[in-house]
Amino acid sequence: MASEIELADVQAGYGRAAPVLRGFSVAVPAGSVVCLVGPNGAGKSTVLKVAAGLLRPSSGRVLVGDADLTGAGPQKMLAAGVALVLQGHSVFREMTVAENVLLGGYTIKDKARVAERAAFVRDLFPVVAQRWGSLAGLLSGGQQKQVEFARSLMVDPKVVLLDEPSMGLDPKATSTIFEQVARMRDAGTAVLLVEQNARRALQTADIGCVLDLGRVHVSGPAAELLADPQLGELYLGGKPTHIR
Amino acid sequence: MPSGGLVFQSVILGLLLGGLYALLAAGLTLYFGIMRVVMIAHSAFLILAAYLAWWSHERLGTDPLLSMIVTVPLFFGAGVLFQRLLLSRLRPITLTMMSVLLTFAVALIIEGLLGYAFTGTQRRIQLSYGSASIGLFGARIAVVKLIAFGLAVVALGGLYLLMKRTTFGWALRATIQHGDAARLVGIDTDRVAGYGFGLGLATAAVGGTALSLDTTIYPSLHWHWIGPLMAIIVVGGLGSVPGAAAAAVLLGLMQSLLQIPMGTTWAQTIFYLALFATLAFRPQGFFGGRLAQRF
Amino acid sequence: MTLESRDVRKAFGGVVALDGATVSFRPGRVNALIGPNGSGKTTFFNCVTGMIRADSGRITYAGQDITRKAPHAIARAGVGRTFQLCRVFPRMSALDNVLAAVRPAGLAGGLRGARRRGEVDRARGWLTRLGIEHLADVEARNMSWGQQKLLELAGVLMGEPDTVLLDEPAGGVNPALLDRIGTLVRELNAEGRTFVIVEHNMDLVMAISDHIVVFDRGRPIAEGPPSLIRTDERVLGAYLGV
Amino acid sequence: MPSASRRVLTGLGLAALAAAVLSFPSLAPNPYILSAGIVVLNFAVLSTSWNFVGGFTGYISLGHGALAGLGGYGTALLVTRAGLPSFVACAVAALLVAALAVPIGLAALRVRGASFVIVSIALVLILLLVFQSWAAVTGGSRGLVVPRPFPGLLRPEHHRVFYYLFAALLALALLAWWLIDRSRFGLGLKAIREDEDKAEALGTPTLAYKLIVFVISAGFTALAGGLYALWFGDLDPVFQFSILTGCYLVLMALLGGVRNLFGPFTGALIVGVALEYFKGRFGNTPLHLVATGLLLGLVVMFMPDGILPALGGLWRRLRRNQQSSIREVTAAELRDEREREGAGR
Amino acid sequence: DDGGDGGQASDDPIVVGISLPLTGDFSEPGKGVQEGYEAWAKITNDKGGLLGRQIELKILDDQSNADRVVADYEQLIGSDKVDLVVGPFSTRLVVPSARVAEEYGMLFVEPAGAAKEVFEQGFKNLFYAAPAVANDHYNHLAEYLIAMPPDKRPQTVAYAAMDDPFAQGTAYGLKAKLEAAGFKTVVDEVYPPNTTDFGSIAAKIAASKADMLVGGSQYQDGVNLIVALQQLAYQPKLAAFSGAPTNPEFAKAIGNKTEGVLSPTGYTPGAPYESNKEFVEKFKAQFGKEPEEDQANAYTTGQVVAAAVTAAGCAEQGDCQKKLVDWVHANKVETVVGPLSWDAAGKPQGAHMIQQWLGGSIKIVLPEPVKEADLLYPKPAW
Ligand SMILES: Nc1ncnc2c1ncn2[C@@H]1O[C@H](COP(=O)(O)OP(=O)(O)OP(=O)(O)O)[C@@H](O)[C@H]1O
Ligand SMILES: Nc1ncnc2c1ncn2[C@@H]1O[C@H](COP(=O)(O)OP(=O)(O)OP(=O)(O)O)[C@@H](O)[C@H]1O
Ligand SMILES: CC(C)C[C@H](N)C(=O)O
Ligand SMILES: [Mg+2]
Ligand SMILES: [Mg+2]
C-alpha cells in the first residue's frame with residue numbers, strides 16, 4: 001500500500017549552521033502510526049517541521065500521496081491534508097479558547113461543518129467546553145495543550161503530525177490523546193508521532209523509528225523496538241524504578 | 001469662574017476633539033496592540049495624508065474628502081508593502097525595539113520628503129464651509145469638526161467590527177500571536193500581517209484627511225501628535241479599539257475643559273499625567289487590554 | 001527549612017486556582033506535587049516564589065514569612081525553581097545562562113568579574129552533570145526543547161538553592177536522560193537539598209519521591225508516601241483515572 | 001588561546017585611540033573643526049551613557065535627550081540662581097538629575113518593551129511643556145543664558161578646554177561601562193534583557209538593578225548635558241527637550257553596536273560626521289532628514305547588531321571558516337563516555 | 001554678474017556669511033530673508049560692489065535649530081574665513097549666533113531678532129536693522145486708542161499670543177500700555193508654537209465677548225485663530241494681529257473677511273525713503289513680486305553693513321570689525337525703512353506703522369503723518 005506521506009533522503013537545517021537532518025527517510029502508510037523517538041536535539045521536531053512545510057529541506061523529497069510537495073508551504077500542505085501539532089505551547093494566547101478552536105477550522109468553508117467539529121472536540125476535551133470563553137493564554141499548561149490538540153482536530157486530515165502531544169498532560173488526558181490517535185488510525189489516517197513518553201507511544205504505534213544525529217538509527221515494527229534491551233537503555237529509558 | 005456657556009462650548013469642542021483623537025489613534029492600536037509594532041511613523045503618515053488632501057484641493061479644487069478615494073487604497077498598499085518588505089524581515093526577538101527605530105526612520109523620510117515637496121510652510125485647506133457652524137443650545141458646532149467626527153465614528157466602528165467579527169480579524173490576531181501555529185491552521189500569515197498593517201495605514205489616510213479639514217499642517221507636525229496618541233493607546237489599554245476610543249474622548253474632553261483654567265500648554269500635560277497614572281495604577285490600561293500589559 | 005503554605009487562595013477573575021491550599025514540604029525529602037491539569041500546581045509554585053501574589057493565606061519558608069516577598073528575595077532565601085514552559089536567556093550562551101544564576105552580594109560583589117575561574121568551572125560542572133556540556137558556547141535559542149529544559153535546570157542548580165521546585169522537569173526530556181535526572185535528584189537530595197517536583201510522569205514520580213501531595217481543584221486531597229498514594233481511591237478517581 | 005598577545009593588541013589599540021582623540025585639537029585646522037569635534041564627543045558621551053540602559057538591559061529609551069536637557073538647565077539654573085561655580089553646578093546638577101532619575105525610573109521601569117519606549121517619549125514631551133510654560137524659572141521660550149565659565153577666554157581656546165573636558169568625561173563613561181560589562185552586575189542586567197521574570201526567579205533583584213543602571217546612565221547623561229550647556233551657552237526648551245536628540249543617540253549606539261564598549265563611540269563618530277556631511281550636501285533642503293532616515297533604516301535592516309559586531313563576524317569568518325559549534329555525539333558514544341567517566345571516579 | 005564698473009575691482013570678492021533657517025519651523029520667513037539678502041547683493045554688485053569689490057553671499061541652512069546656527073557661524077567665521085557676517089531669522093536663533101559673532105569680535109547686524117531679550121545679553125557688536133523692537137510695534141495704536149474718548153473706545157481686550165519671544169513681545173507691549181490706561185484685560189492666552197487646534201482658545205475669547213482682540217501671532221496661527229473665532233460667531237470691534245495680515249495669502253485664508261483687521265508693520269513697499277524706490281523696483285525685477293517685511297529687513301541689514309564698510313574702508317576679519325562696530329554705534333543710516341540709529345545695546349529707536357485692511361487692500365492708518373487712510377472703528381463683522 002502506498003504511503004500517505006513520505007520523506008525521502010531529506011537534508012535540512014537552520015541558517016548557516018551544520019544541517020540537522022542528513023539523509024533522513026520515513027514513510028507513513030495510511031491507517032498506521034509511526035512513532036519517532038530519539039534523544040533531545042536529534043532532530044525529531046525538525047522532521048515534523050519539514051513534513052508540514054514549515055521548514056524547507058535543502059535536499060531530498062517530501063511526498064504526500066502521489067504528489068511531490070517538496071518545498072511547499074504549510075498552507076499547501078494543509079490543503080493536501082497534512083496537519084501538525086507543534087511542540088511546546090502554540091495556542092493563540094490572547095484569543096479565547098473558542099476563537100482558538102474555531103480557527104482550527106479556518107480552511108473549512110462550510111459553517112455547519114465547523115460547528116459539528118467544534119461540538120465533537122468539546123465533547124472530547126471537557127476543559128475546552130468548560131473554558132470556552134476564557135483567554136487561552138490563561139489556561140494551565142496542560143489545559144493549553146488540550147486546546148491545541150482540539151484545534152488540530154477541527155479538520156480531519158489525511159496525515160497528522162504530532163510533536164510530543166502528551167507533554168504536560170495528566171494521565172487522563174494522556175489516555176484521551178492516545179485513544180484519539182488510535183481512533184484516527186482506525187479511521188485510515190496516517191499518524192507520525194514524536195514522543196518522549198516512548199514506551200507508551202510505541203505501544204500505540206505500528207512502526208517505530210529511532211532517530212539520532214539526524215539519521216534513522218533503527219526502524220522496524222514498534223513491538224520489536226520495545227523488546228530490544230539496547231535500544232531501551234539508550235533511547236526509551238529503563239524502568240525508572242531502579243533509581244533508588 | 002467660567003460661565004456655563006463656556007463650559008458647555010468646551011464640552012462640545014472636547015467631544016469633537018476626542019473623536020478626532022480616537023480616529024488618529026486607531027491605527028496605532030492596531031499595530032501596537034495586535035502586531036507588537038511601535039509605529040512612530042503613524043503620525044507622519046497622518047500628516048502625509050493631510051498633505052495629499054490639501055494638495056488635491058489646491059491643485060484640483062476638489063473637496064478634500066474626495067482625496068480619500070485615492071489615499072485610502074494607496075495607504076493600504078503602502079502598509080502592505082511596508083510590512084512585507086521591511087517589518088517582516090526584522091527578527092522577532094528584537095521586533096519591538098527595531099520597529100521603533102525603523103518606523104522612526106520612515107517618519108524622518110516622510111518629513112524630509114514633505115518638506116522637500118511642499119516646503120516647511122504651514123498649510124491649511126481653505127474650504128467654503130471652513131468657518132460655517134451650527135448652533136446648539138447657545139453653543140456652536142463647526143461643520144468641519146462635525147465631519148471629522150463623523151469620519152471617526154464610521155472608521156472606528158468599521159475597524160471594530162472587522163477585528164471582532166470577521167475571519168480576517170481573527171486570522172490577523174492569530175498570526176501575530178503565534179505565526180507558526182497560524183500557518184498550520186492554514187492562514188496565509190504573510191498576507192494577513194500585510195493586510196493588517198495596510199489597514200492601520202488606511203485609518204491614517206482617513207485620519208489625516210479629517211485632520212486636514214480644520215487644522216494647519218506642516219512637515220514636522222507629526223512630532224506634535226506622537227505623544228498624545230501614544231498616551232491615548234496606553235490609557236486605553238494597548239490593542240483595544242474601544243478602549244482607545246474611550247480614552248481619546250475622555251482625554252479630549254479633559255484637555256478642552258482644563259484649558260479654561262490652565263491655558264493651552266499646561267492643559268496638554270493631561271495626556272502625560274494620564275499616561276503615568278495609568279502605568280502606576282493599571283499598567284494594562286483603564287479600558288480593556290487584558291494580557292497586553294507586558295510585552 | 002520547611003516550606004509551608006496555610007490556607008492560600010488565589011482566584012483569577014472567576015477561576016479559583018488555589019482554594020485554601022494548606023501543605024507542608026519537609027526538608028531533606030524529595031516531595032512530589034501531582035494533580036490533574038489545571039489543579040493549581042503551577043499557580044502554587046508561582047505563589048511560593050512570589051511571581052504572583054496570593055489573595056489570602058500565608059506561606060512560610062524555614063519559619064520565615066515569605067508571602068509578600070519579592071521573587072528575588074525568595075530565591076535568595078534558598079528557593080529555586082524551573083518553569084513549566086521552560087525559560088532560558090535566549091541570546092546568551094549556555095555557559096552564561098548558568099553563570100547568570102550567580103547572585104552577587106552587595107555592590108562590591110556585583111562589580112566582581114562575571115567569569116571568574118572558579119565559577120566558570122562550577123558552571124561547566126553542572127552542564128556536564130546534565131549532559132549538555134558540549135553546548136556550552138551555543139546560544140540557548142538554538143537549542144532543542146529538551147536541551148533548553150536541561151539548561152534551565154543547570155541554571156537553577158548553579159544558584160545552590162536549598163529547596164528546588166521543579167515544574168514538570170520530565171516534559172519533553174528523552175527517557176534515557178530522564179533516568180539521569182532522576183538519579184541526579186536523588187544524588188542532590190542525598191547532599192541535603194529538598195525538592196518539590198510537579199510531574200505527570202508517574203513512573204518517575206513514584207520512583208524518586210519520598211512524599212507525594214495530590215492537588216485537585218486548588219487544594220490537596222491526599223498526601224503520603226508513594227505506596228499509599230498509588231492506591232488511594234480519591235487519587236485514582238481524580239487523577240490517575242483508572 | 002593567545003590571550004596574552006590579544007591583551008597586548010587591545011592595549012595598543014586603546015593607546016592609539018587615546019592618542020588620536022587627544023591629538024585632535026592640535027591637528028584641527030581651525031576652531032570650527034574643533035567645535036565639530038566637541039559635538040561628536042558630546043554625542044559619544046551621550047550615547048555611551050544611553051547604552052548603560054539600552055545595551056545592558058535592552059530598555060530602549062528615546063528620552064535621554066531630556067535627561068541631558070535637565071542636566072543643562074540644572075547647571076544653568078544653579079549657576080545663575082544659586083551662584084555656584086560652573087563646574088560645581090554641573091556636578092551638582094548631575095547628582096540632582098540622578099536623584100530625580102529614581103522616581104522616574106521607578107515609574108518607567110515598571111513597564112517593559114514598547115510601553116517603556118512610550119514612557120520615555122512622554123518624558124521628553126512633558127518636560128518640554130513644563131520648561132516652556134514655567135517661564136518664571138526656566139525662562140520659557142525666551143531661553144536661558146548660561147554664563148561663561150571662563151569669561152576671559154577667546155573662543156578657540158574655549159573650545160580647546162571643553163574638548164579635553166568632554167574627552168575626559170567620555171573616558172570616565174567608557175570605564176564605567178567596561179567595569180559593569182565584565183561584572184556580575186552586568187551579567188544580571190543582560191539576564192534582565194533576555195528574560196526579566198526568569199532573572200528575577202534566579203534571585204536577581206531586577207528592579208533595583210534596572211534602577212541603579214538607569215540612575216548611572218542618567219547621571220552621565222546629565223553631566224554631558226551640563227558640560228554642553230557650559231560650552232554652548234544658550235538653552236532653549238525646544239532644542240533641549242527634543243525626541244530627535246534621543247533618537248540620534250539610539251541611532252549612534254545601534255549603528256556602532258550596543259553590545260560593544262566602543263559601539264556608541266563609533267556610532268557617534270559616523271553619525272556626527274554624516275550629519276555634518278548631509279548638511280553640507282543637501283544644504284537648504286530637508287533631504288538631510290531623508291538621508292538620516294535612510295541611514296537608520298539601513299542599519300536596522302542590514303546591521304541590526306551594529307557595525308563593530310558585523311566587522312567582528314566578518315573577521316572571524318575570514319580567519320577560520322564555518323565551525324560548527326555543536327559537537328556531535330550519538331547516544332551510544334555518550335553512554336560510553338559516561339561509563340568511562342564513571343569508572344574514572 | 002558684470003555690472004557697471006565692477007570689472008575693475010582686482011580684489012577678491014567680499015564674502016558675507018549668513019546662516020538661515022531654510023528648512024524646519026522658520027523656513028518660510030527664512031526664505032524671505034534670503035531673498036532680501038540676495039536682492040541686496042545683486043543690487044549692490046550691479047552698482048559696482050563695496051569698496052570696488054563684489055559681494056558674495058555664503059548662505060548655510062541651520063534647519064531652524066539653535067545648535068546648528070552656532071555651528072554654522074562657527075564654520076563661516078572659523079573655517080570659511082568670511083569677511084562679514086549678518087544675522088539669521090528669529091530671536092531664538094539670533095541670540096546664540098550673536099554670541100559666536102561677539103566672541104570672534106565680528107560686527108553682527110541682524111534682520112530678525114526683535115524681542116527685548118536680544119538686547120539684554122550685553123552684546124556690543126549687535127544691531128537690529130528695523131525701526132523698532134517687538135514691544136514697541138503697537139506704540140502708535142496704543143496712543144491712538146488711549147486718545148479716544150473713554151466711552152467710545154473698546155473697554156475690554158482679549159490677548160492671545162504665541163509662546164515665542166517675538167510674538168509675545170508685540171502683544172504684551174500693547175497690553176502693558178493699554179492696561180496702564182485702564183483698558184480691561186479679559187483673556188490672556190499663550191499657546192505653544194505648534195498649536196494647530198484653536199477651538200478652546202477661541203471659545204474662551206468668544207465667551208469673554210471682548211471688544212478688542214490682540215493676537216501676538218506669526219502667520220498661520222493668526223489665521224487659525226480667526227477661523228476658529230468665525231466658527232464660534234465671535235465679532236470683536238477691533239482686531240489686531242502681528243504678522244498674519246500682511247501675508248499675501250491672508251485674505252483668502254480667512255474667506256476674504258478681512259475688513260478692518262489691523263497689523264503693525266516696519267515696512268511698506270510704498271515708503272517714501274529714497275533707497276526704497278530702487279529696492280522695490282529691482283526686487284520686482286529679480287523676484288517678480290513686491291518685497292515684504294522680511295525681505296526688507298534683510299535688505300536693510302545689508303544697507304547698514306554696506307554703510308559701515310564704506311565708511312570704515314575695510315571689510316575683513318580682525319581689527320576692521322571693531323572699526324565697523326564703532327561706526328554703526330556712532331552714526332545714523334538711511335535705509336528702506338527710514339533712517340535708523342541704535343542705542344548701546346543695538347536697539348533701534350523707532351516705532352512701527354499700523355496698517356488696516358480697507359476695501360480689500362491693506363493701508364497705512366497710523367501714524368498720522370504717513371497714513372494712507374483713516375482708521376476704521378468699529379470693524380465690520382468677519
Ligand atoms: N531555530 C533553530 N535554530 C538553530 N538551531 C536549531 C533551531 N531549532 C533547533 N535547532 C537545533 O537543531 C537540532 C535538532 O532540533 P530539534 O528541535 O529537531 O530536536 P528534537 O529532536 O525535537 O529535540 P527535543 O526532543 O529536545 O525536542 C538541535 O541540535 C538544535 O540545537
Ligand atoms: N494568570 C492567570 N489568569 C487566569 N487564570 C489563570 C492564570 N494562571 C492560571 N490560571 C487558571 O488557574 C487554574 C490553575 O492553573 P495552574 O497553571 O496552576 O494548573 P496546573 O496544576 O499547573 O496545571 P498543569 O498540569 O496543566 O500545568 C487553571 O484553571 C488556569 O486556567
Ligand atoms: C551590554 C552588553 C550588551 C554587552 C556585552 N558585551 C554583551 O555581549 O552582552
Ligand atoms: Mg522537539
Ligand atoms: Mg502547570
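All of these numbers come straight from a predicted model, not from anything done at the bench. In what follows, chains carry the letters A, B, and so on, assigned in the order in which the sequence lines appear, proteins first and then strands, with residues in each chain numbered from 1.
Listed options D/Ala108, D/Cys247, D/Ala107 were ranked by heavy-atom pairs under 4.5 angstrom with chain B; first place goes to D/Cys247. Listed options D/Ile118, D/Leu125, D/Val250 were ranked by heavy-atom pairs under 4.5 angstrom with chain B; first place goes to D/Ile118. Between chain D and the residues B/Glu111, B/Arg91, B/Arg89, B/His224, the most heavy-atom pairs under 4.5 angstrom are made by B/Arg91. When each of B/Thr269, B/Thr103, B/Val38 is checked for heavy-atom pairs under 4.5 Å with chain D, B/Thr269 comes out on top. Interface summary for chain B: among D/Leu251, D/Ile243, D/Leu254, D/Thr292, the most heavy-atom pairs under 4.5 angstrom belong to D/Leu254. Most heavy-atom pairs under 4.5 Å with chain B: of the set D/Ile126, D/Leu62, D/Ile60, D/Val124, this distinction falls to D/Ile126.
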Could you go through the side-chain contact (heavy atoms from CB on, under 4.5 Å) check for D/Leu294 and B/Leu108 one step at a time?
CA-CA 9 Å; D/Leu294 283 177; B/Leu108 282 184; over 6 Å; no

Let's go through B/Ile109 and D/Leu289 carefully: what are the C-alpha distance in whole Å and the side-chain angles of both, what is the deciding distance for side-chain contact (heavy atoms from CB on, under 4.5 Å) to 0.1 Å, and is it a yes or a no?
CA-CA 6 Å; B/Ile109 293 172; D/Leu289 287 176; over 6 Å; no

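Side-chain contact between D/Ile121 and B/Ile40 is present, with at least one heavy-atom pair separated by less than 4.5 Å.
Shortest non-hydrogen contact noted between B/Thr265 and D/Ser133 is CG2-OG, 2.7 Å. Taking every heavy atom of both residues into account, D/Ala122 and B/Leu275 meet most closely at CB-CD2, 3.1 Å. The two residues B/Ala105 and D/Gly297 make their nearest non-hydrogen contact at CB-N, 3.7 Å. For D/Pro304 against B/Met98, the heavy-atom pair with the smallest separation is O-CE, 3.4 Å. Contact between B/Leu85 and D/Met301 at its shortest, heavy atoms only, is O-CE, 4.2 Å.
Neither the backbone nor the side chain of B/Ile110 comes within less than 4.5 Å of any heavy atom in chain D. For B/Leu86, the parts lying near chain D are the backbone and the side chain together; criterion is any non-hydrogen pair under 4.5 Å. Within the 4.5 angstrom heavy-atom criterion, no atom of B/Ile270 approaches chain D. Proximity to chain D (any heavy atom under 4.5 Å) is shown, for B/Tyr116, by both the backbone and the side chain.
If you take CG on D/Leu127 and OH on B/Tyr272, they are separated by 11.0 Å, rounding to the nearest 0.5 Å. For the atom pair CG (D/Leu296) and CG (B/Leu102), the distance works out to 7.5 Å, reported to the nearest 0.5 Å. Note that CD of B/Gln268 and CG of D/Leu129 are 5.0 Å apart. Values are rounded to the nearest 0.5 Å.
Within 6.0 Å of the CH2 atom in B/Trp266, the count of heavy atoms belonging to other residues, nucleotides or ligands exceeds 12.
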